[in-house]
Structures are given as structure tokens and as C-alpha cells.
Amino acid sequence: MSDRDRAVLAFERRSWPGPGAKERAVRERLGMSPTRYYQLLNALLDDPAALRHDPVTVNRLVRVRAAHRDAR
């Protein structure tokens, strides 16, 4: 895993106070667009290295992703 991958997972562990705060922080702290951030995050959810690095966060996000998929 790259430093960027670890930063994305660490960033996702935080909670955010309101709408727009997370997207603004993605741009400011990670230097990428929110769209790119979510693309990277989604790819990390399927990466076994990410699961080994942070199983709690990855498993939580996989459950959320599955719930959104099932709701469609």
C-alpha cells in the first residue's frame, strides 16, 4: 500500500460535522478532487492489503457499499 492509500483510509476513519466539510477537507488535505478520492477509496475496499492494514474501516465501508447497492 502506498502512503496515499494509507492516508485515504485514515481520512475515512474520521467523522465529519456537516455536508461539504469532508469534500472540502479532501481537497485541502489530500490534494485531490472528491470524485478521485471516492474512486481510490472504492478500489481500496477490494484490495486485500487495505483489509490487512485497517480491517475495521474496510469492513465497515464494504458493508455500507453493499447496503447502498442492495437499496438500488
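Taking the side-chain contact (heavy atoms from CB on, under 4.5 Å) definition, one finds that S2 meets it with R4, D5, sequence neighbours left out. Applying the ring pair (Phe, Tyr, Trp, His ring centres under 6.0 Å) test to Y37 and every residue at least two apart in sequence or in another chain returns F11. D46 meets the salt bridge (Lys or Arg N to Asp or Glu O under 4.0 Å) test with R65; sequence neighbours excluded. Checked against salt bridge (Lys or Arg N to Asp or Glu O under 4.0 Å), D3 has the following partners two or more places apart in sequence or in another chain: R6. Qualifying side-chain contact (heavy atoms from CB on, under 4.5 Å) partners for A49, counting only residues two or more places apart in sequence or in other chains: M1, D47, R52. Every residue meeting the salt bridge (Lys or Arg N to Asp or Glu O under 4.0 Å) condition with D54, not counting sequence neighbours, appears here in chain and number order: R13.
Within the hydrophobic cluster formed by Ile, Leu, Val, Met, Phe, Trp and Tyr side chains joined at under 4.5 Å, directly or through other members, V64 stands alone, with no partner residue.
Between R60 and V56, the closest side-chain pair of non-hydrogen atoms is not below 4.5 Å.
Counting only residues at least two apart or on different chains, no ring pair (Phe, Tyr, Trp, His ring centres under 6.0 Å) pair has a member in residues 41-68.
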Validation: residues 16-29 side-chain donor-acceptor distances under 3.5 Å, sequence neighbours left out:
residue: K22; atom: NZ; partner: E12; partner atom: OE1; Å: 2.9
residue: K22; atom: NZ; partner: E12; partner atom: OE2; Å: 2.8
residue: E23; atom: OE2; partner: Y38; partner atom: OH; Å: 3.4

Check step by step if side-chain contact (heavy atoms from CB on, under 4.5 Å) holds for M32 and L40.
CA-CA 10 Å; M32 65 180 79; L40 290 170; 3.7 Å; yes
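Interatomic distance, OG1 of T57 versus CG of L44, reported as 11.0 Å (0.5 Å rounding).
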